[in-house]
Amino acid sequence: MQQHLKALLSTIFRTSMVGYCLLVLQGCSSKAEKEKTVTPLVSTVKIDTTSVTTELEFSGMLEGISNIEIRPQAEGYLERIFVDEGAYVRKGQSLFLINDTPYSEKLNQSTASLQTALANREKARIEATRIQKLVDGKVVSDVQLKNAQAELNAANSAVRQAEAAKKSAAISKGFTLIKAPVNGYVGKLPYRVGSLVGHNEPEPLSVVSDINTMYAYFSMSEEAFLQFKQQYPGKTIEEKIKRIPSVRLMLPDNSVYDEQGKVDIVQGQFDKSTGSITFRASFPNAGGLLRSGNTGKIIMSQYNKNVIQIPQSATYELQNKVMAYVVEKNNKLKSVSLKIGQKTALNYIISEGLKPGDILVSKGLERLHEGIQVKVSK
């Protein structure tokens, strides 16, 4: 009797559980059916063209208007260094002195040789004058006069040769005192007093950088270069460059340099390895804040006319592509791939993928997918 009662209770429990599960499944099914029938409400914008000024950024490298390597033209031991690293020097200021003892001796020798040549020339001139008088008095023949004039000519040549030798020796001695070729800042000093320096040393004695004006070199891709040519009027690249407005320089700490620059030159051809072409902008640097080797970003303003601009928040990424949803006539969503021409902090300028009149979904993209029907917010 007791076992029969247990079996009856077990049967009742199983039947109750099955019923409960059926009710739960029915409720879930009804909820899913109800969710399927809910049409999402989306915010949209109608695509139209507009005009907008954007800023293009290009990584740049800064160099002084001139960076001149100081290399010795005379060989010898470095006797004195008149400047220190980082010092500002003016054109003609003494930088280095190479021991000039050998060059002074050569100059002394050439001076003595010149004095000897001058004495020999004077002796030959006196002899030629004496023979000329004898010939005029018909005491001696013309042959002796011709010999005397030949000796005088040889003496003149010897003087010119000795003068050239002395000048060369003086120039060589002058090379032992090395002076600054331009105004600027002294770079690294790899050699010390007592070092043997000369023509074949791998490193220069130093580098003097004239940084009163700084050159900022930056590269532009082929696509950006084509846009640049279309952006500014002019028949030649030179004429177009003159139309570029002033550019700015963003320093590595994200601060913007006080002075504005001007793009003044572009290279004649593309770099085959990078597919880019190099531009140069000039920035005044009277305060000396910028130095050769600095990096930064060149900021170039560009006016874009009749372009499509959309907020970045109206897009999503799929397999490294920028995508967006547009609402078709039957209120169904279509996913479109976009090609980005330029971008600002918040917006994209679209070059392909959208056209005027398209209805773009602007918000709530995370709960949408292609093909569903939506209700457009007014």
Side-chain angles (χ1 to χ4, degrees), residues 65-83 87 89-184 186-187 189-210:
I65 192 172
S66 61
N67 293 304
I68 301 178
E69 292 185 346
I70 309 300
R71 292 187 177 273
Q73 293 179 276
E75 295 186 357
Y77 291 99
L78 196 57
E79 188 170 289
R80 289 191 65 184
I81 299 176
F82 298 100
V83 294
V89 295
R90 296 192 175 277
K91 183 178 180 180
Q93 182 176 336
S94 297
L95 302 178
F96 306 95
L97 176 64
I98 297 173
N99 185 278
D100 64 351
T101 301
Y103 300 96
S104 296
E105 290 301 319
K106 287 183 179 180
L107 180 58
N108 293 336
Q109 290 175 6
S110 61
T111 301
S113 297
L114 176 58
Q115 291 173 349
T116 300
L118 289 172
N120 291 334
R121 183 177 68 176
E122 181 62 18
K123 181 180 178 181
R125 187 189 65 78
I126 293 172
E127 180 64 16
T129 302
R130 187 182 70 83
I131 297 296
Q132 180 68 54
K133 291 179 179 180
L134 293 176
V135 170
D136 293 341
K138 297 182 180 181
V139 176
V140 297
S141 66
D142 292 343
V143 175
Q144 292 183 7
L145 179 59
K146 290 180 180 179
N147 287 336
Q149 288 175 339
E151 290 291 336
L152 180 58
N153 291 336
N156 285 327
S157 297
V159 169
R160 289 193 293 270
Q161 186 175 6
E163 289 174 340
K166 180 181 178 181
K167 186 176 181 179
S168 178
I171 291 173
S172 296
K173 183 179 182 299
F175 286 153
T176 60
L177 180 60
I178 302 171
K179 299 181 179 181
V182 294
N183 298 338
V186 178
L189 299 176
Y191 303 99
R192 296 294 179 260
V193 172
S195 300
L196 181 63
V197 296
H199 306 288
N200 299 321
E201 300 303 324
E203 286 189 273
L205 296 179
S206 187
V207 175
V208 175
S209 299
D210 182 357

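For reference, positions follow the sequence shown, starting with 1. Everything quoted here is computed from the prediction, not taken from an experiment.
- Taking each heavy atom of Ser206 and Gly187 in turn, the nearest pair found is OG-N, 3.3 Å.
- Legend: salt bridge (Lys or Arg N to Asp or Glu O under 4.0 Å) pairs involving residues 65-74, not counting sequence neighbours, sorted by first then second residue: Glu69-Arg71.
- No side-chain heavy atom of Leu205 sits less than 4.5 Å from a side-chain heavy atom of Leu95.
- Partners of Thr111 by side chain to side chain contact (heavy atoms under 4.5 Å, CB included), not counting sequence neighbours, listed by chain and number: Leu107, Gln115, Lys166.
- Listed by first then second residue, pairs satisfying side-chain hydrogen bond (donor to acceptor under 3.5 Å, both in side chains) with a partner in residues 144-158 read Ser157-Arg160, not counting sequence neighbours.
- Partners of Ala158 by side chain to side chain contact (heavy atoms under 4.5 Å, CB included), not counting sequence neighbours, listed by chain and number: Ala117.
- The salt bridge (Lys or Arg N to Asp or Glu O under 4.0 Å) contacts involving residues 194-210 comprise nothing, where partners must be two or more places apart or lie in separate chains.
- Glu79 pairs by the side chain to side chain contact (heavy atoms under 4.5 Å, CB included) definition with Leu97, Asn99, not counting sequence neighbours.
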task: Applying side chain to side chain contact (heavy atoms under 4.5 Å, CB included), run through Ile68 and Val207 and close with a yes or a no.
output: CA-CA 5 Å; Ile68 301 178; Val207 175; 5.9 Å; no
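- Residues Phe96 and Leu189 have side chains in contact (heavy-atom distance under 4.5 Å, counting atoms from C-beta outward).
- Contact between Ser172 and Ala74 at its shortest, heavy atoms only, is O-CB, 4.3 Å.
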Please list, one pair per line, the donor and acceptor atoms closer than 3.5 Å that link side chains of residues 173-183 to other protein atoms, with sequence neighbours excluded.
{"residue": "Lys173", "atom": "NZ", "partner": "Asp100", "partner atom": "OD2", "Å": "3.4"}
{"residue": "Thr176", "atom": "OG1", "partner": "Lys173", "partner atom": "O", "Å": "2.5"}
{"residue": "Asn183", "atom": "OD1", "partner": "Lys91", "partner atom": "N", "Å": "2.6"}

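- Atom OG1 of Thr129 and atom CG of Leu152 lie 8.0 Å apart (nearest 0.5 Å).
- Pairing each heavy atom of Ala169 with each of Ser110, the nearest pair is CB-OG, 3.6 Å.
- Formation of a donor-acceptor pair under 3.5 Å by the Ser195 side chain with backbone atoms of Tyr191 is not found in this model.
- Ser209 and Asn67 get closest at one heavy-atom pair: OG-OD1, 2.7 Å.
- Contact detail for Leu78 and Arg192: the closest heavy-atom pair is CD2-O, 3.6 Å.
- Asp136 pairs by the side chain to side chain donor-acceptor pair (under 3.5 Å) definition with Gln132, not counting sequence neighbours.
- Here salt bridge (Lys or Arg N to Asp or Glu O under 4.0 Å) pairs that include residues 114-128, with residues two or more places apart or in two chains, are Glu122-Arg125, Glu127-Arg130.
- Taking each heavy atom of Leu145 and Val135 in turn, the nearest pair found is CB-CG2, 3.8 Å.
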